[in-house]
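All figures in this text were calculated on a predicted structure; none of them were measured in a lab. One-based numbering along the sequence shown.
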Amino acid sequence: MGDKIESKLLAKKAKVNTIPGFDGVVKDADEAVRIAREIGYPVMIKASAGGGGKGMRIAWDDEETRDGFRFSSQEAASSFGDDRLLIEKFIDNPRHIEIQVLGDKHGNALWLNERECSIQRRNQKVVEEAPSIFLDSETRRAMGEQAVALAKAVNYSSAGTVEFLVDSKKNFYFLEMNTRLQVEHPVTECITGLDLVQEMIRVAKGYPLRHKQADIPINGWAVECRVYAEDPYKSFGLPSVGRLSQYQEPIHLPGVRVDSGIQPGSDISIYYDPMISKLITYGSDRTEALKRMEDALDNYIIRGVTHNIALLREVIINSRFIKGDINTKFLSDVYPDGFKGHKLTESERNQLLAIASSLFVASQLRAQHFQEHENSRVPIIKPQVADWELSVKLHDEVHTVVTSNNGPTFSVEVDGSKLNVSSTWNLASPLLSVNVDGTQRTIQCLSREAGGNMSIQFLGTVYKVHILTKLAAELNQFMLEKAAEDTSSILHSPMPGVVVAVSVKPGDLVAEGQEICVIEAMKMQNSMTAGKTGKVKSVHCKAGDTVGEGDLLVELE
């Protein structure tokens with residue numbers, strides 16, 4: 001069942017709904033094009049031994065089929081040691097819904113309800129939940145019964161997952177079977193109360209299942225976010241490497257579970273899965289589970305590597321996601337120009353500016369307190385500052401902010417709007433709970449420099465703020481700004497990885513969008529293309545080279 005070609009044939013024999021396609025092994029690119037034309041575009045090219053989204057490409061025409069065959073076969077060989085491919089009809093805008101099954105060695109098998117896994121990037125799951133907001137009881141039962149029929153047909157004895165694609169009319173088609181415990185299994189444990197690992201051990205020992213189908217409940221709602229060491233601003237998540245300098249899981253919050261083997265000081269490598277952890281929240285209903293996830297993401301401390309918490313938080317608060325209007329193209333549909341982080345409303349912007357200004361003044365007051373210590377050998381003239389007039393720059397816009405404090409509470413005027421901000425102002429803490437006019441926010445001050453630059457994680461997104469006093473801002477106008485570099489003639493590596501192939505040499509003419517080289521990261525191959533038409537001036541890499549993020553690859557004249 002771990003082989004996609006063989007499992008599809010077995011599924012057909014067990015009378016499980018399957019996706020139309022070619023059931024054999026595709027020999028070469030020419031045959032791939034012929035088969036794709038017979039099936040009808042678009043098609044999905046998949047590695048037979050694949051998993052985790054590796055070795056998969058969607059093709060909409062002959063050229064994409066040839067490229068897809070090349071990349072998928074190379075990825076499959078690299079990831080699984082097996083370059084066999086199959087081709088199926090691509091079902092546009094589907095949901096990815098899977099059924100958890102459990103079988104024993106006595107001919108018994110159960111389906112343990114479904115998991116909704118439609119939020120994906122590069123065919124890899126990002127957010128999962130159980131149950132699915134889309135399924136009705138009749139469809140759930142039909143999918144469950146087909147999954148059990150397939151498990152029984154192959155005498156399956158353990159926990160496993162049968163994955164389906166589901167269209168808008170609730171038609172469902174067998175995708176593959178994962179003959180192992182899935183990453184997202186905790187959400188099933190939350191809503192059924194079963195410990196799947198314990199059940200697997202009992203089955204392996206030879207015990208029969210303890211439960212009947214009627215005993216399997218749906219109690220509450222569970223959501224899982226996959227926290228990756230990735231930059232979500234690059235193709236929804238290109239790998240990030242480094243060492244975790246600070247790491248703290250939000251397990252103190254109610255209804256929160258974290259599955260992770262990560263510790264502070266752990267190295268994140270380009271050669272392995274970039275997953276940091278599985279973050280799971282459980283609630284009595286979907287609304288409570290999502291609110292707990294929102295709080296958990298705000299309280300998750302990860303320093304030293306770039307992570308995808310900003311993207312995860314935006315997904316779970318998105319209006320389409322909350323309504324359940326999702327499919328496997330959700331990310332590209334909602335963010336057609338790529339993920340840009342949280343878009344602040346005017347009220348949220350003012351809250352951020354007020355919090356940042358309060359932090360700035362709190363740090364200045366703490367510095368003054370240190371200077372005025374009674375044991376200081378240097379006489380200090382105590383400044384009399386009632387109101388701090390500040391110039392705060394955010395997103396290339398400068399705002400006038402006036403701040404005054406009364407103990408732990410700051411009165412802040414932002415562009416004419418007045419806000420009250422209170423906190424403990426423990427500047428050494430990685431987390432800070434701040435109250436802004438009755439609204440509670442959890443923020444993280446990632447960096448605070450003497451020159452006024454500050455990085456604050458607010459509503460999941462990291463914002464860079466530049467704060468100066470009124471006098472410093474007036475003097476700063478006379479400082480020269482560094483001219484922006486013209487990068488249109490330079491190709492930098494957008495991620496750390498290994499160069500698989502270089503397609504050009506000095507003197508070659510290239511067109512905009514033409515492939516320059518291929519970089520493999522996390523077993524996924526990525527085609528690097530020219531940003532403009534021109535002549536290759538120099539090539540700074542070769543096949544087999546390890547490159548870091550930002551490394552120069554190719555220069556054009």
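Legend: side-chain hydrogen bond (donor to acceptor under 3.5 Å, both in side chains) pairs involving residues 144-155, not counting sequence neighbours, sorted by first then second residue: Asn17-Gln146. Among residue pairs with one or both ends in residues 209-219, those qualifying as salt bridge (charged side-chain N to carboxylate O under 4.0 Å, His left out) are Glu199-Arg210; sequence neighbours excluded. Sequence neighbours left out, the pairs with a member in residues 155-176 that pass ring-ring contact (aromatic ring centres under 6.0 Å, His included) are Phe164-Phe172. Legend: salt bridge (charged side-chain N to carboxylate O under 4.0 Å, His left out) pairs involving residues 5-15, not counting sequence neighbours, sorted by first then second residue: Lys8-Asp23, Lys8-Glu88, Lys12-Asp23. Residue pairs satisfying the salt bridge (charged side-chain N to carboxylate O under 4.0 Å, His left out) criterion with at least one member in residues 492-503, sequence neighbours excluded, are absent.
Remark: of the listed residues Lys278, Arg226, Arg95, Arg115, Arg226 is the sole one forming a salt bridge (Lys or Arg N to Asp or Glu O under 4.0 Å) with Glu128.
A distance of 11.5 Å separates CZ of Arg257 from CG of Leu279, quoted to the nearest 0.5 Å. The line from CE of Met177 to CE of Met1 is 5.5 Å long, rounded to the nearest 0.5 Å. Rounding to the nearest 0.5 Å places OG of Ser132 at 10.0 Å from CD1 of Ile218. Annotation: the span from His540 atom NE2 to Ile490 atom CD1 amounts to 8.5 Å, rounded to 0.5 Å. Within the model, atoms OG of Ser158 and CG of Leu102 stand 7.5 Å from one another, a figure rounded to the nearest 0.5 Å. Here the CD atom belonging to Glu114 is positioned 7.5 Å from the CE atom belonging to Met143, to the nearest 0.5 angstrom.
A salt bridge is absent between Glu116 and Lys125; no separation between the charged side-chain nitrogens and carboxylate oxygens falls under 4.0 Å. Between Glu230 and Arg121, at least one side-chain nitrogen of the basic residue sits less than 4.0 Å from a carboxylate oxygen of the acidic one, meeting the salt-bridge criterion. Between Arg202 and Asp104 no salt bridge is recorded (no basic side-chain N to carboxylate O distance below 4.0 Å). Ion pair Glu512/Lys532 not flagged as a salt bridge, since none of the NZ, NE, NH1 or NH2 atoms sits closer than 4.0 Å to an Asp/Glu carboxylate oxygen.
With sequence neighbours left out, Phe22 forms a ring-ring contact (aromatic ring centres under 6.0 Å, His included) with no residue at all. A search for side-chain contact (heavy atoms from CB on, under 4.5 Å) contacts involving Glu63 returns Asp61, Asp67, not counting sequence neighbours. Contacts of Thr65 classified as side chain to side chain donor-acceptor pair (under 3.5 Å), with partners at least two apart in sequence or in another chain: Tyr41. Contacts of Ser157 classified as side chain to side chain donor-acceptor pair (under 3.5 Å), with partners at least two apart in sequence or in another chain: none. For Arg84, the salt bridge (Lys or Arg N to Asp or Glu O under 4.0 Å) partners two or more places apart in sequence, or in a different chain, are Asp3, Asp82. Under the side chain to side chain donor-acceptor pair (under 3.5 Å) criterion, Arg34 pairs with Glu31, Glu38, sequence neighbours left out. Take Gln525 and apply the side chain to side chain donor-acceptor pair (under 3.5 Å) test, not counting sequence neighbours, and it matches Glu520.
Judged by the 6.0 Å and 45° rule, Lys340 forms no cation-pi pair with Tyr335.
Between Lys329 and Asp92, some side-chain heavy-atom pair lies under the 4.5 Å cut-off. The shortest distance between side-chain heavy atoms of Lys105 and Tyr207 does not fall below 4.5 Å. At least one side-chain heavy atom of Phe69 sits less than 4.5 Å from a side-chain heavy atom of Leu85.
Closest approach of Val510 to Ala530, counting heavy atoms only: CG2-CB, 4.1 Å.
Between the side chains of Asn113 and Gln100, not a single donor N or O lies within less than 3.5 Å of an accepting N or O.
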